[in-house]
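Okay, structure first, notes after.
All residue numbers in this chain count up from 1 along the given sequence.
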Amino acid sequence: MSILGRVRNRLNRYRRTQKLEALSKRCAAQNVVVKPYQLSHLFEVNENIGWKDKNVLEIGGDLAGQVARGILALGARGVTSINLDPDFDLSAKHEGIVRKLMDARNLELPENSYDLVFGIAVVEHFREFDRILENVYR
């Protein structure tokens, strides 16, 4: 790789790091602490699609609800976070977030009600992947 190519790569990594730090600060300002790998995924969506004013369905929400809170901190209008785990705390309340114990194969949600469907590290847990995609699509 040329020297110019290496310089561009370093500059791009530096800019990404700066943006990640800014995103982390936005979350921290609202008392939201997300893990670095979670922040990286939130960042990718923010850079490519954007969270602002979106109504988001989070599939496989983390038990602590930090990712949903991070999504809100980045500008989403609302988040519905679902999970099948019996330890998924439905009593945890946060304005703008609805938590539901639900199977993505049988989404009991109104059609066309979300702008974006998001999940971190959930696909490998899916069975009947086609059925889940059909439910998400509707």
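- The backbone N or O of H41 lies less than 3.5 Å from no partner atom in the side chain of E44, so there is not a single donor-acceptor pair.
- In this structure, V56 and T80 have side chains that are not in contact, with every pair of non-hydrogen atoms separated by 4.5 Å or more.
- The backbone N or O of G50 lies less than 3.5 Å from no partner atom in the side chain of N46, so there is not a single donor-acceptor pair.
- N83 places no side-chain N or O within donor-acceptor distance of the main-chain N or O of F88, the cut-off being under 3.5 Å.
- Taking each heavy atom of L90 and L101 in turn, the nearest pair found is CD2-N, 3.5 Å.
- Between L57 and L107, some side-chain heavy-atom pair lies under the 4.5 Å cut-off.
- Here the side chains of M102 and I59 are not in contact, with every heavy-atom distance at 4.5 Å or above.
- Contact annotation: the side chain of R69 approaches that of I97 to within less than 4.5 Å [non-hydrogen atoms, C-beta and beyond].
- Counting heavy atoms from C-beta outward, I71 and L116 have side chains that stay 4.5 Å or more apart.
- A 4.5 Å side-chain heavy-atom check between I49 and K54 finds at least one atom pair inside the cut-off.
- At least one donor-acceptor pair closer than 3.5 Å links the side chain of D115 to the backbone N or O of N55.
- Scanning both residues, S113 and P110, for their nearest heavy atoms gives OG-O, 2.6 Å.
- Judged by distance alone, the side chain of W51 and the main-chain N or O of L42 form a donor-acceptor pair under 3.5 Å.
- Looking at F118 and V79, their side chains never come closer than 4.5 Å, going by heavy atoms from C-beta outward.
- R99 places a side-chain N or O within donor-acceptor distance of the main-chain N or O of L63, the cut-off being under 3.5 Å.
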